[in-house]
Amino acid sequence: MNILSLFPAIPVLMMLGLWLSRNLRQIHAVMVTGASLLLGLAIALVFVYLGLRADGQTAEMLLTDSHVWYAPLNIHYAVGVDGISVAMLLLSAVIVFTGTFASWKMADGAKEFFMWFCLLSTGVFGFFISVDLFTMFMFYEVALIPMYLLIGVWGTGRKEYSAMKLTLMLMGGSALILIGILGIYYGAGATTMNITEIAALHNIPAEMQRIWFPIVFIGFGVLGALFPFHTWSPDGHASAPTAVSMLHAGVLMKLGGYGCFRIAMYLLPEAAQELSWIFIILTTISVVYGAFSACVQTDLKYINAYSSVSHCGLVLFAILMINTTAATGAVLQMLSHGLMTALFFALIGMIYGRTHTRDIRELSGLMKVMPFLSVCYVIAGLANLGLPGLSGFVAEMTIFNGAFMVQDTFHRVATIIACTSIVITAVYILRLIGKILYGTCTNPEHLKLTDATWDERLAVSVLIIAIAGLGLSPLWMSDMISDSIIPLISHILN
């Protein structure tokens with residue numbers, strides 16, 4: 001079996017193990033074993049990939065494998081990875097691992113919850129290894145479907161409303177993606193569904209590209225919280241269980257940015273250059289609007305959800321600049337935001353589990369009561385506002401540097417407007433930290449609360465190490481990413 005096929009296969013085996021489990025101890029054993037295998041496999045893949053590149057392998061996709069699924073439509077189970085895919089697989093494995101420990105105390109319906117969680121993971125891993133359009137779309141759907149039950153059954157607040165809203169909007173985006181994929185397939189002469197082969201043909205007429213590009217970009221952009229299709233995101237995040245919020249915001253939303261770049265822009269390059277200005281306007285609105293919206297929220301999850309709208313907007317904003325520096329920054333931002341938002345949602349879940357409130361007006365002085373969780377929250381906040389030495393700074397500086405390299409007034413004005421989100425982010429993060437962590441604890445019941453347990457400490461420590469590691473030593477990751485982005489950008493521009 002190809003090493004890449006192990007990524008979707010392991011969660012499937014985990015589902016089988018969960019089905020056979022008879023108690024919570026066995027459920028935890030299956031999840032820890034599977035999540036550890038996935039993390040170890042992702043780390044090993046990084047070394048294998050870098051080794052192959054060092055040996056002189058220059059193919060766009062490495063570790064490729066292909067098997068015919070449905071010959072009449074040339075559908076293949078085709079897999080392969082480049083530096084972008086490897087980075088996303090590593091991120092996904094980290095989030096699945098930490099999400100497992102963040103859900104350690106779940107008792108009601110734990111078996112069913114983790115089975116749906118594993119199915120969601122299967123879709124995510126399968127999506128990032130696929131190089132066949134239909135296979136990629138199939139895994140995309142597998143990743144979306146479990147969200148309805150994970151939120152609707154195990155969520156909080158208006159969980160049924162949020163789950164239905166999320167499902168309807170994302171399925172609407174899926175319909176657009178399917179239409180666009182069929183348009184690309186037939187526009188390319190109905191010879192293959194392999195992404196690299198379609199790109200090499202470069203024969204989709206420009207007038208057809210103008211039709212399919214907005215459809216595909218919006219289809220994936222819905223999942224990437226593109227304005228004005230972002231409204232499902234805050235409600236979905238606010239109602240989702242902790243681990244689901246971590247995987248959803250940390251990884252699932254990255255499918256949107258990845259699809260916009262890998263399919264919409266790479267396969268429809270002429271339309272991408274011609275129509276990118278429309279989406280630059282929308283993504284600039286996403287960046288600033290999301291930051292301003294976070295400022296006026298009083299619910300911890302809503303603050304982080306709107307912050308995600310802003311930061312995911314930066315991903316789409318950067319890839320639309322169509323240069324190597326900005327696109328490298330976009331992938332670094334996907335990594336950075338995935339880690340930061342997973343850490344935020346994990347900490348919010350841990351705080352909520354103790355205080356039973358997410359309203360910042362009812363929280364104060366938590367640093368004295370739960371110092372470990374509070375210090376971790378400060379680190380997450382500083383990473384979010386772009387403190388040097390943490391992952392957020394590396395990603396945002398690369399994005400804004402690359403965006404400002406585009407030498408025309410429109411792009412530079414859009415970049416300057418997007419840069420204002422840095423200031424706005426600092427405002428709501430520092431206000432939030434000051435309000436809930438410092439000062440006097442006004443609720444006497446909160447004085448009785450305990451700090452993090454071992455499983456919680458493990459989950460947040462792994463995320464913090466990853467955030468600091470990417471911030472302090474980003475070059476190996478950015479080099480791996482940029483080496484894969486250079487041919488993609490060259491193809492789009494030529």
Side-chain angles (χ1 to χ4, degrees), residues 83-84 87-88 90-91 94-95 249-250 253-254 257 283-284 286-288 290-291 294-295 303-304 306-319 321 323-347 375-405 414-434 460-482 485:
I84 306 169
M88 292 297 100
L90 181 60
L91 170 66
V94 170
I95 304 301
M253 292 179 73
K254 309 303 174 286
T283 53
T284 303
S286 290
V287 172
V288 179
C295 284
I303 292 171
N304 197 34
Y306 277 107
S307 175
S308 293
V309 171
S310 178
H311 285 91
C312 287
L314 271 179
V315 172
L316 300 180
F317 175 85
I319 63 174
M321 293 298 166
N323 67 51
T324 301
T325 303
T328 302
V331 181
L332 288 172
Q333 176 72 355
M334 286 196 273
L335 285 171
S336 173
H337 174 259
L339 296 169
M340 290 187 307
T341 198
L343 178 58
F344 259 130
F345 277 122
L347 292 168
V375 169
C376 293
Y377 201 94
V378 171
I379 294 172
L382 295 177
N384 206 14
L385 60 81
L387 182 75
L390 298 174
S391 60
F393 175 79
V394 174
E396 292 183 9
M397 280 300 296
T398 308
I399 286 174
F400 292 128
N401 183 37
F404 207 74
M405 288 168 61
T415 304
I416 292 169
I417 294 172
C419 279
T420 62
S421 67
I422 300 173
V423 180
I424 306 166
T425 301
V427 170
Y428 69 76
I429 289 294
L430 295 175
R431 183 197 69 160
L432 176 63
I433 289 173
V460 298
S461 296
V462 169
L463 290 170
I464 289 173
I465 290 169
I467 290 169
L470 184 58
L472 294 172
S473 181
L475 288 181
W476 70 274
M477 180 62 76
S478 64
D479 288 345
M480 181 179 76
I481 293 166
S482 62
I485 280 176

message = The criterion is side chain to side chain donor-acceptor pair (under 3.5 Å); which residues satisfy it with Thr341, sequence neighbours excluded?
response =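 Thr341 satisfies side chain to side chain donor-acceptor pair (under 3.5 Å) with Asn304, Ser308 only.
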
Between [atom1] on residue [X] and [atom2] on residue [Y], distance to nearest 0.5 Å:
X	Y	atom1	atom2	answer
Thr283	Leu314	OG1	CG	8.5 Å
Cys419	Ile424	SG	CD1	11.0 Å
Thr284	Ile417	OG1	CD1	6.5 Å
Ile95	Leu463	CD1	CG	5.5 Å
Ile319	Met334	CD1	CE	7.5 Å

Is there a side-chain contact between [X] and [Y], using heavy atoms and a 4.5 Å cut-off?
X	Y	answer
Asn384	His311	yes
Val394	Leu470	no
Ile379	Ile467	no
Tyr428	Leu385	no
Leu432	Tyr377	yes
Leu335	Ile481	yes

Which pair of heavy atoms, one from [X] and one from [Y], lies closest together, and at what distance?
X	Y	answer
Ala403	Phe317	CB-CE2, 3.9 Å
Cys295	Arg431	O-NH2, 3.0 Å
Ala380	Leu343	CB-CD2, 3.6 Å
Cys376	Ile464	SG-CD1, 3.5 Å
Ile399	Ala330	CG1-N, 3.8 Å
Ala291	Ser310	N-CB, 3.7 Å

task = Give a yes or no answer on whether the side chain of Thr325 reaches the backbone of Gly402 with a donor-acceptor pair at less than 3.5 Å.
result =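 No, the answer is negative, given that no donor and acceptor are paired below the 3.5 Å cut-off.
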
inquiry  = Pairing donors with acceptors under 3.5 angstrom, does anything connect the side chains of Thr328 and Ser482?
reply    =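 No donor-acceptor contact under 3.5 Å links the two side chains.
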
query = Name the one of His337, Lys254, Met253, Gln333 that satisfies side chain to side chain contact (heavy atoms under 4.5 Å, CB included) with Val315?
reply =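 Per the side chain to side chain contact (heavy atoms under 4.5 Å, CB included) rule, the option paired with Val315 is Gln333, out of His337, Lys254, Met253, Gln333.
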
